[in-house]
> 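My structure is below; once you've seen it, I'll send some questions.
Just so you know, these numbers use all the heavy atoms, side chains as well, and skip hydrogens, waters and symmetry mates. Below, read A as the first sequence line, B as the second, and so on, with proteins coming before strands; counting in each chain starts at 1.
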Number of protein chains: 2
Amino acid sequence: MLSKKCKYAIHALVYLAERYQQGPVHIQDIADAQHIPKKFLEAILLEMRNAKILHSKKGKGGGYYLYKKPEDVNLVEIIRLMDGAISMLPCVSINYYERCEECRDEVTCGIRDAFTGVRDETLKVLSRSTLAHIVKRQRDLGK
Amino acid sequence: MLSKKCKYAIHALVYLAERYQQGPVHIQDIADAQHIPKKFLEAILLEMRNAKILHSKKGKGGGYYLYKKPEDVNLVEIIRLMDGAISMLPCVSINYYERCEECRDEVTCGIRDAFTGVRDETLKVLSRSTLAHIVKRQRDLGK
DNA sequence: CCTAAAGTCTACTAACTTACTAGATTTATA
DNA sequence: TATAAATCTAGTAAGTTAGTAGACTTTAGG
């Protein structure tokens, strides 16, 4: 399961993607619209700013806006940033690899083998899911 | 990420699947072989017994053994039992569904849409991965 | 240049979950 | 009846999650 933090991040990004190139949006606006505690959202947005997904403008009339193009931000990137590994096991993780303490030999481990398959399929779907794709999809669905 | 509990469960089940129909195996044997704390493993095996995956025999010469056939136990079942939902969001979960607090309308939610795809692919791979499949795979790989 | 409105930074905390452990009890076999 | 095994009850320490509080900095506009 994704953490609330990660869910909030995705919702906030979709909200900003819907307002792409329309100037900065207040944290408060996003918080109100998406029902996210403002202070918590602050930390989340800051983290995404540091990751160069967002930019911000301080002072009056300031706020956050997408820095990357909506078609260049996918769910893989967001989840990795917020929650870490995508894989279900550390020993099959690409970005957060850790050796299995339990298994003797990774190469002949049937369990590892199964979860490598899960990882690959998950990455395939998540990398196709960009902000642009999500926004388009909900417009098509008639939002 | 799977919990340690779940990983232990899978390792224990594979160990028992390798010894299918060869009589009861002591908790201690499994614990030693798979490097699982014995007391913790006790609780895990008990839970799988209550779920009718394993049977046990008490007293001298007792132990645990697979009740279901190795080809009838897949990773979906084990993960659901140990960790709960497979999905990354409660609102797309089949067995552990919960309504999203954040989103207004589930039908037009592009986020939900993306994670439904992830869920389906994950379930596809995990349900193919039975204990029999895992054991065979590691024999083929030359364990 | 002052003020209000915005984001930034540091530090804390309550509640929950995870990964266990201890110890008494029950059951079955030889 | 002794012993070896699983079972049951009841904890607990450490880590993570989901926040909150409050002071600080920056900027636009009057």
> Nearest whole angstrom, please: distance from the P of C:dA5 to the CG of A:D29.
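Rounding to the nearest Å, CG of A:D29 and P of C:dA5 are 14 Å apart.
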
> If I take atom CE in residue B:M82 and atom C1' in nucleotide C:dA19, what distance separates them, rounded to the nearest angstrom?
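Rounded to whole Å, this separation is 14 Å.
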
> By nearest nucleotide on DNA chain D, pick out whichever of B:G59 and A:L2 is the more 5' one.
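In this pair, the answer is B:G59.
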
> Please determine whether a side-chain nitrogen or oxygen atom of B:R49 lies at a distance below 4.0 Å from atom OP1 or OP2 of D:dA6.
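Checking B:R49 against D:dA6: no side-chain N or O falls below 4.0 Å of OP1 or OP2.
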
> Determine, for B:R139 against B:E18, whether the closest basic-nitrogen to carboxylate-oxygen distance falls under 4.0 angstrom.
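Result for this pair is no, no salt bridge flagged.
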
> Take atom CD of A:E42 and atom C1' of D:dC24, then tell me their distance rounded to the nearest Å.
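After rounding, the reported distance stands at 12 Å.
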
> Whether the B:D83 and B:S3 side chains hold a donor-acceptor pair (N or O, under 3.5 Å, no angle test) is what I'd like checked.
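Yes, because at least one side-chain N or O of B:D83 sits under 3.5 Å from a partner of the opposite role on B:S3.
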
> Compare the minimum distances between each of D:dC8, D:dA6, D:dT27 and the side chain of A:K58, then state the nucleotide with the smallest one.
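Looking only at side-chain atoms, A:K58 lies closest to D:dT27.
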
> Does B:Y8 place a side-chain N or O at less than 4.0 Å from the phosphate oxygens OP1/OP2 of C:dC20?
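True: B:Y8 side-chain N/O within range (under 4.0 Å) of C:dC20 OP1/OP2.
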
> To the nearest Å, how far apart are B:M1 CE and D:dT16 P?
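So the CE-P distance, B:M1 to D:dT16, works out to 13 Å.
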
> What's the CE-P distance between B:M48 and D:dA6, to the nearest Å?
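Whole-Å distance recorded here is 13 Å.
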
> The side chain of B:H26 lies closest to which of these nucleotides: D:dA6, C:dC9, C:dA5?
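Taking heavy atoms from C-beta onward, the closest nucleotide is D:dA6.
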
> Check B:D140 with B:K136, please: is the shortest side-chain N to carboxylate O separation under 4.0 Å?
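Judged by the 4.0 Å cut-off on N to carboxylate O distance, B:K136 and B:D140 do form a salt bridge.
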
> Just checking A:I27: base, sugar-phosphate only, or nothing, at a heavy-atom cut-off of under 4.0 Å?
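Here A:I27 touches the backbone only, sparing every base.
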
> Between P on C:dA6 and CG on A:L54, what's the gap in Å once rounded to a whole number?
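After rounding, the reported distance stands at 18 Å.
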
> Quantify the bending of the helix from C:dC1-D:dG30 to C:dA30-D:dT1 as the angle between its end axes, each fitted on five pairs, to 10°.
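Axis-to-axis angle, ends of the helix: 10°.
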
> From the options D:dA4, C:dG7, D:dA23, select the nucleotide whose nearest atom is closest to the side chain of B:K60.
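Nearest to the side-chain atoms of B:K60, counting from C-beta on, is D:dA4.
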
> Compare the minimum distances between each of C:dT8, C:dA19, D:dA18 and the side chain of B:F40, then state the nucleotide with the smallest one.
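From the listed options, C:dA19 comes nearest.
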
> Taking atom CD of B:Q22 as the centre, report whether more than 12 heavy atoms of other residues, nucleotides or ligands fall under 6.0 Å from it.
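It does: B:Q22 CD has more than 12 such atoms within range.
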
> Answer yes when A:E42 and A:K39 have at least one side-chain N-carboxylate O distance shorter than 4.0 Å, and no when they do not.
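Counted as a salt bridge, because a side-chain N and a carboxylate O are separated by less than 4.0 Å.
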
> Are there more than 12 heavy atoms of other residues, nucleotides or ligands under 6.0 Å from atom OH of A:Y65?
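Yes, enclosed.
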
> Quick check on DNA chain D: between A:K38 and B:Q28, whose nearest nucleotide comes earlier from the 5' end?
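It is B:Q28 whose nearest nucleotide is closer to the 5' end.
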
> Between B:S93 and B:L89, is there a donor-acceptor pair closer than 3.5 Å when you use the side chain of the first and the backbone of the second?
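It does not hold such a pair.
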
> Does the cation-pi check pass for A:R19 over A:Y15, that is, NZ or CZ under 6.0 Å from the six-membered ring centre and within 45° of its axis?
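Pair A:R19/A:Y15 counts as cation-pi.
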
> In whole angstroms, how far is the C1' atom of D:dA18 from the CD atom of A:E47?
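Roughly 13 Å, once rounded to whole Å.
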
> Out of C:dG7, C:dA24, D:dT20, which has the shortest distance to the side chain of A:K39?
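Within the option list, the nearest is D:dT20.
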
> For C:dT29, does OP1 or OP2 lie under 4.0 Å from any side-chain N or O of B:K57?
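Yes, within the criterion.
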
> Counting only side-chain heavy atoms from C-beta out, which of C:dT29, D:dA18, C:dT21 sits nearest to A:K4?
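Nearest to the side chain of A:K4 among the choices is D:dA18.
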
> State whether B:S56 places a side-chain N or O below 4.0 Å from either non-bridging phosphate oxygen (OP1 or OP2) of D:dA5.
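The answer is no; no side-chain N or O of B:S56 sits under 4.0 Å from OP1 or OP2.
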
